[in-house]
Q: 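The structure that follows is given in the form of structure tokens.
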Amino acid sequence: MISTHPPLMAISKVIIVFPLLCFLSSTIPILCDPYPLVCNETEKHALLSFKNALLDLEHSLSSWSAQEDCCGWNGVRCHNITGRVVDLDLFNFGLVGKVSPTLFQLEFLNYLDLSWNDFGGTPIPSFLGSMKSLTYLDLSFASFGGLIPPQLGNLSNLLHLRLGGADSSNEPQLYAENLRWISHLSSLKLLFMHEVDLHREVQWVESISMLSSLSKLFLEDCELDNMSPSLEYVNFTSLTVLSLYGNHFNHELPNWLSNLTASLLQLDLSRNCLKGHIPNTIIELRHLNILYLSRNQLTRQIPEYLGQLKHLEALSLRYNSFDGPIPSSLGNSSSLRYLFLYGNRLNGAFPSSLWLLSNLETLDIGNNSLADTVSEVHFNELSKLKFLDMSSTSLNFKVNSNWVPPFQLEELWLSSCQMGPKFPTWLQTQTSLRNLDISKSGIVDIAPTWFWKWASHIEWIYLSDNQISGDLSGVWLNNTSIYLNSNCFTGLLPAVSPNVTVLNMANNSFSGPISHFLCQKLKGKSKLEALDLSNNDLSGELPLCWKSWQSLTNVNLGNNNFSGKIPDSVGSLFSLKALHLQNNGLSGSIPSSLRDCTSLGLLDLSGNKLLGNIPNWIGELTALKALCLRSNKFIGEIPSQICQLSSLTILDVSDNELSGIIPRCLNNFSLMATIDTPDDLFTDLEYSSYELEGLVLVTVGRELEYKGILRYVRMVDLSSNNFSGSIPTELSQLAGLRFLNLSRNHLMGRIPEKIGRMTSLLSLDLSTNHLSSEIPQSLADLTFLNRLNLSCNQFRGRIPLSTQLQSFDAFSYIGNAQLCGVPLTKNCTEDDESQGMDTIDENEEGSEMRWLYISMGLGFIVGFWGVCGALLFKKSWRHAYFQFLYDIRDWVYVAVAIRLNWFHDNLRRLLVS
């Protein structure tokens, strides 16, 4: 039946659909709104109070406003139904300050990450242990300090705990008295502690092994010294990752490691002073894919049974004392991707089986005694290789000139690995290379024209100590660190980009002026920190445009042919730490602008034609550790301000025209007065671990270069000048001094009696002076002395008897006519003995007697006129004085009379009785 009322049906549909549309229009925006719920007001105010206690340096909390819903704030996440704050993720927000206790009001918080902020060494708040909803707590690298609150053990729901680490070593370190509280965290799956002092806890293995759910354990740099090596069993049934890097176990690998057979995948025991060998129980860890045992004291051969670890992907045994061959069984570990064997005593050939590890990405076998010839055939299967280090071995790298490797390397280290004499042309196929070291590799060839353009994308490039030649006049260098030193390069200096930070082109044959190099127009601000152009044929005057290179910290232009004055603009290098201008033809005076280089720690201006006085402002350079002004034309006295340089360890002003007396304040050189050597001495001057700052010094009668051991040198050399007067007794306080040279001056008097206190002396030269009297007996206490020169003086008497002093030959004592005894051929007579023991040099004796008579005369005059003059001119004083004498006379008379009467009475009684 067809309806006769269609309009009514349409109206009824509209009536039904319209309310539905209205409902949907009101609910859909709510459903689409990412923050449909307003956050809890109490929690909002708690978070604002938390913010107010912090300094927000990076404005990471700028969205935390009272006018905004806290569920939309940066780092805050709320529950999508209740609107309560459940996550607070402030990782690396740049926050500084302390944690406000209002955080405790976030009662539903289960995720808290405050890592990589700076809480300034404040303690971890103990109230965190009452936030029972927490399942994730990360306080690592946030500079918390002090005792870890054991209340954290109340967080029974915690799955993830990370503690320790600071931005500064000056901040207090976190520590724990024990780890018993950890055993209550029954749900814990990950425990990470870094630089937490746990040395008080000796049973940490037992405490942590009670956590049966623990999957990952990191206790790195925690000062642990006991791993319970004799313990046979631990309950780490779920452990997959164990990292105990950087502790001090100092014993063998523990027995309980073999219990971790079912689950352990990664084991890192690097840097722990572990001893002994790798036990065969290691093969019980059959699922292991990462094994790091580097930087220990493990010995014997690398065991063949390591090849039974079929799942091994990374093996690091670097810096141990393994010897013997590399086990060929490692070729069975077909999954191996990273192999680190650097720095052992391995020898023999490289096993052929290892060349078949097709998954290998890193092969690090340098600094061993391996000997073999490596050809392109060996690399056929290593198509995934990215890192190759065969440096410091006896391997010969011999490949065809047209070889195209199957790999694309990112780092290549072949220093001291023979690959010459031809330049390796296959390098141009490596377009992904970042670091290249082919130094000391026996290359005797011209650098090909393609090389410099190809090498422009490489960050570090080391070609030093070869015989590579070529004219670099038109070359442009764009690398970060460039070492071309000790080669045969010629021409003008190449241009550099602003990206270069280290440029070492010493010991080549570059010629011409340096002005075109220093005064070039750079496209950007220079980043150059270290510039070494020493030992070349560069000439001309030093240019004035040093202000364009203000990032420079180390400059070495020594041993060239520069002339003219040192420009004042050198003083604009405010970051300068070391300046070498030795052995040139520089003239004029030391520019006063250098006083602005307050970080200067080493200044070597020796072997020039500099003149004038040593400036008084030199004492303002308080960071100075080495001052070398040898072989110039300086005149005048050594300024007393030089004694302000308490950090000075090397003072060399020899071979000048200096005069006056030796300053008595040299004992202010505190680093020379101590025997200990600070670990960081001169390290702050180094611009690279490959190039240590060095000096050429005259220490034992000849020039020697001190580089790696410069920090151990303590030297004062004032020789070949015109100093007069006596040797200051204060010098004997420099107990750490190793080289003292005062020869060829006009010094008089005696050797200080307490010179025996300078127990570190290795070399002592007092020759060619006017020193007199006997040699002090204490000189025999210098047991480390291996060079002594007292020749050409006026010493007399017997040479003191000792094993040390008689071990030197006669040349150490010749030119002293009145000296006798071994090793001289002149024997001592009785007159020599008495003269040596009882007499003093006539000049010295006469001088002392004159002062004695003068002092006696002055004393008599002062005493006489001080008393008699006052009585003569002061009447009242005269009357009082004589009255005092009369009173004394009467007192003495009465006292004597009483004693006499007492004596007579006693005598009378005695006679009567």
Side-chain angles (χ1 to χ4, degrees), residues 459-461 476-485 492-508 510 513-536 538 540-560 562 564-584 586 590-605 608 620-621 623-628 682-695 710:
E459 294 181 14
W460 295 353
I461 181 169
W476 182 70
L477 302 175
N478 188 41
N479 318 90
T480 302
S481 294
I482 306 168
Y483 289 84
L484 307 180
N485 50 298
L492 299 176
L493 294 174
V496 297
S497 81
N499 299 322
V500 179
T501 59
V502 176
L503 179 59
N504 188 343
M505 299 192 293
N507 298 299
N508 279 284
F510 292 110
I514 195 177
S515 54
H516 75 282
F517 173 82
L518 288 176
C519 301
Q520 63 180 298
K521 291 185 178 180
L522 298 173
K523 296 180 180 179
K525 187 177 181 180
S526 171
K527 299 178 183 178
L528 190 63
E529 297 179 9
L531 175 64
D532 191 346
L533 302 176
S534 60
N535 295 288
N536 279 284
L538 300 170
E541 296 188 358
L542 297 180
L544 306 178
C545 42
W546 289 94
K547 291 183 179 180
S548 302
W549 306 87
Q550 293 193 359
S551 56
L552 277 171
T553 61
N554 299 69
V555 175
N556 192 342
L557 303 180
N559 298 293
N560 280 286
F562 294 117
K565 295 182 178 181
I566 301 174
D568 289 334
S569 57
V570 172
S572 64
L573 304 178
F574 302 122
S575 300
L576 197 62
K577 295 180 180 179
L579 177 60
H580 300 260
L581 298 176
Q582 73 279 3
N583 298 327
N584 281 285
L586 299 172
I590 301 176
S592 59
S593 61
L594 272 180
R595 69 195 306 175
D596 297 326
C597 301
T598 55
S599 299
L600 196 62
L602 187 154
L603 179 60
D604 188 356
L605 303 178
N608 283 287
E620 300 174 16
L621 301 179
L624 208 59
K625 299 175 179 65
L627 177 61
C628 299
F682 283 105
T683 56
D684 58 334
L685 305 183
E686 298 170 8
Y687 60 86
S688 167
S689 59
Y690 290 86
E691 288 293 325
L692 304 177
E693 277 295 337
L695 285 172
L710 186 62

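Both backbone and side-chain heavy atoms feed into the values below; hydrogens, waters and symmetry mates do not.
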Q: Quick one: are L538 and L533 in side-chain contact, heavy atoms under 4.5 Å?
A: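 Contact flag for L538/L533 side chains = yes.
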
Q: Look at the side chain of S575 and the backbone N and O of L552, then say whether any donor-acceptor pair between them is shorter than 3.5 Å.
A: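 No; zero donor-acceptor contacts below 3.5 Å.
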
Q: With no hydrogens and no angle check, is any side-chain donor or acceptor of N584 less than 3.5 Å from a backbone partner on N560?
A: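 Side chain of N584 to backbone of N560, a donor-acceptor pair under 3.5 Å: yes, one is there.
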
Q: Donor-acceptor pair, W546 side chain versus S572 backbone, under 3.5 Å?
A: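 It does not hold such a pair.
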
Q: With a 4.5 Å heavy-atom cut-off, do K527 and P498 have their side chains touching?
A: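 Result no, sub-4.5 Å side-chain heavy-atom pair not found.
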
Q: Would you please test Q582 and N559 for side chain to side chain contact (heavy atoms under 4.5 Å, CB included) and show each step?
A: CA-CA 6 Å; Q582 73 279 3; N559 298 293; 3.7 Å; yes

Q: Any chance you could measure W549, atom CH2, to L531, atom CG, to the nearest 0.5 Å?
A: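 Here the interatomic distance stands at 8.0 Å.
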
Q: Between N608 (side chain) and L586 (backbone), is there a donor-acceptor pair under 3.5 Å?
A: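 Yes, N608 side chain to L586 backbone: donor-acceptor pair under 3.5 Å.
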
Q: Answer yes or no: is there a donor N or O on one side and an acceptor on the other, between the side chain of T553 and the main chain of K577, under 3.5 Å?
A: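 Checking the backbone N and O of K577 against the side chain of T553, no donor-acceptor pair under 3.5 Å is found.
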
Q: S593 side chain to D568 main-chain N or O, any donor-acceptor pair under 3.5 Å?
A: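 Looks like yes, one N/O pair under 3.5 Å.
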
Q: For P543 and P567, which heavy atoms make the closest approach, and how far apart are they?
A: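 Closest heavy-atom pair between P543 and P567: O-CG, 3.4 Å.
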
Q: Step by step, work out the side chain to side chain contact (heavy atoms under 4.5 Å, CB included) result for V502 and W460.
A: CA-CA 9 Å; V502 176; W460 295 353; over 6 Å; no

Q: Kindly give the heavy-atom pair with the smallest separation between L544 and S569, and that separation in Å.
A: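 Scanning both residues, the minimum pair turns out to be O-OG, 2.8 Å.
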
Q: So, do L528 and V496 sit near enough that their side-chain heavy atoms are less than 4.5 Å apart?
A: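 Side-chain contact under 4.5 Å: no.
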
Q: What do the steps show when you test F574 against T598 for side chain to side chain contact (heavy atoms under 4.5 Å, CB included), and what is the final call?
A: CA-CA 7 Å; F574 302 122; T598 55; over 6 Å; no

Q: Do H580 and L602 come close enough that some side-chain heavy atom pair is under 4.5 Å?
A: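 Heavy-atom side-chain distance check passes, below 4.5 Å.
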
Q: For a 4.5 angstrom cut-off between non-hydrogen side-chain atoms, does L557 reach L542?
A: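 Counting from C-beta outward, L557 and L542 do come under 4.5 Å.
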
Q: Tell me, do N478 and V500 make a side-chain contact under 4.5 Å, heavy atoms counted?
A: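 No. Closest side-chain heavy atoms not under 4.5 Å.
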
Q: Any side-chain heavy atom of L710 sitting closer than 4.5 Å to one from L695?
A: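 SC-SC contact between L710 and L695 confirmed.
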
Q: Walk me through whether N504 and I482 qualify under side chain to side chain contact (heavy atoms under 4.5 Å, CB included).
A: CA-CA 6 Å; N504 188 343; I482 306 168; over 6 Å; no

Q: Can you tell me how far apart OG (S534) and CG (N507) are? Round to the nearest 0.5 Å.
A: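 S534 atom OG to N507 atom CG measures 5.5 Å (nearest 0.5 Å).
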
Q: Ignoring hydrogens and geometry, is there a side-chain-to-backbone donor-acceptor pair from N556 to G558 under 3.5 Å?
A: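 Yes, the answer is positive, given that a donor and an acceptor are paired below the 3.5 Å cut-off.
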
Q: Quick one: pull up CG in L573 and OG in S551 and give me the separation to the nearest 0.5 Å.
A: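 Going from CG on L573 over to OG on S551, the span is 9.0 Å.
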
Q: Keeping the roles fixed (side chain from T501, backbone from T480), state whether a donor-acceptor pair exists under 3.5 Å.
A: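 It does hold such a pair.
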
Q: Do D604 and L579 come close enough that some side-chain heavy atom pair is under 4.5 Å?
A: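 Answer no - side chains too far apart.
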
Q: Rounded to the nearest 0.5 Å, how far does CG of D596 lie from CD of E620?
A: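 Rounded to the nearest 0.5 Å, the CD-CG separation comes to 9.0 Å.
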
Q: Just by modelled atom types, is the L493 backbone N or O under 3.5 Å from a matching donor or acceptor in the H516 side chain?
A: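 Checked: pair present.
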
Q: Taking atom NZ of K521 and atom OG of S548, what is their separation to the nearest 0.5 Å?
A: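 Rounded to the nearest 0.5 Å, the NZ-OG separation comes out at 11.0 Å.
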
Q: Rounded at 0.5 Å granularity, tell me how far CG in L503 sits from CG in L484.
A: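 CG of L484 is found 7.0 Å from CG of L503.
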
Q: Is a side-chain N or O of N536 found less than 3.5 angstrom from the main chain of F510, in a donor-acceptor match?
A: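 Checked: pair present.
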
